[in-house]
Every structure is written in structure tokens, then in C-alpha cells.
Undergrad: 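Quick one: structure below, then a few questions.
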Amino acid sequence: MADITFDGLLHDRSSDLALIIGNGINRYIESDTVNSWDRLLIDIAHEYMPDIKAIPKGIALTEFYDVLELKSGAPTSELQGKFRDLLLTSRQYRPHSAL
């Protein structure tokens with residue numbers, strides 16, 4: 001039986017695992033357009049769904065990402081790479097430095 005504990009998953013899937021902790025900090029500081037998770041996902045989505053202007057009300061960001069992944073037809077690693085590249089260009093604000 002597979003080890004599905006947190007430590008087991010980290011060990012067994014370390015080569016293809018991304019862990020992003022936290023989302024709230026980017027919702028409560030002056031970075032609405034710079035570090036916005038919504039904006040980041042919309043920027044990626046425009047390549048595959050050009051008519052999308054915003055994440056629909058009531059849709060969680062993770063659900064939107066899942067739909068984006070299905071609609072894109074791209075390999076998961078391609079979308080993860082785009083996500084990573086955009087995260088690397090995010091600005092760091094004072095609250096980020098305090099963490």
C-alpha cells in the first residue's frame with residue numbers, strides 16, 4: 001500500500017511536486033494587479049481561452065486551473081512552467097519580507 005502521509009508524498013513524489021503555501025497575503029496588500037493569483041491565472045488562460053476576462057464568480061482558483069488544464073490540451077508540465085515563470089517575476093512587498 002502506498003504511503004499517503006504528507007511525508008510519504010513528499011518523499012515519493014519529490015521529482016514532480018510543487019507546493020505553494022498561502023494565497024491570502026496577495027489578496028490583502030497593494031498588489032492587486034502585480035501579484036494577483038487571479039491575474040496570473042487569467043494571463044496563462046489567455047493563450048488557450050482568449051475570450052476569458054476574469055475568473056467566474058463562485059469558481060475556486062484551483063477549479064479554474066483544472067478547467068484551464070483540460071481546455072489547453074497542453075501537458076501539465078507546460079502549464080506548470082508558465083505558472084512558475086510568472087511567479088518568478090512577482091514583486092516582493094513589505095509583508096512578503098516579514099514572512
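What you see is a predicted model, and the numbers here were worked out from it, not measured in a lab.
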Undergrad: Of all the heavy-atom pairs spanning A45 and I52, show the shortest one and how long it is.
TA: CB-CG2, 3.8 Å
Undergrad: Could you pull out every donor-acceptor pair under 3.5 Å between side chains of residues 64-73 and any protein atom, sequence neighbours left out?
TA:
unit_1: E69; atom_1: OE2; unit_2: T76; atom_2: OG1; d: 2.6
unit_1: S72; atom_1: OG; unit_2: L68; atom_2: O; d: 3.4
unit_1: S72; atom_1: OG; unit_2: E69; atom_2: O; d: 3.0
unit_1: S72; atom_1: OG; unit_2: A74; atom_2: N; d: 3.0

Undergrad: In chain order, what residues pass the side chain to side chain contact (heavy atoms under 4.5 Å, CB included) check against D12, with sequence neighbours excluded?
TA: D3
Undergrad: Can you list every pair that meets side chain to side chain donor-acceptor pair (under 3.5 Å) and has a residue in residues 43-55, with sequence neighbours left out?
TA: R39-D43, E47-K82, Y48-E78
Undergrad: Mind checking the CG-CD1 spacing from L41 to I55? Nearest 0.5 Å is all I need.
TA: 5.0 Å
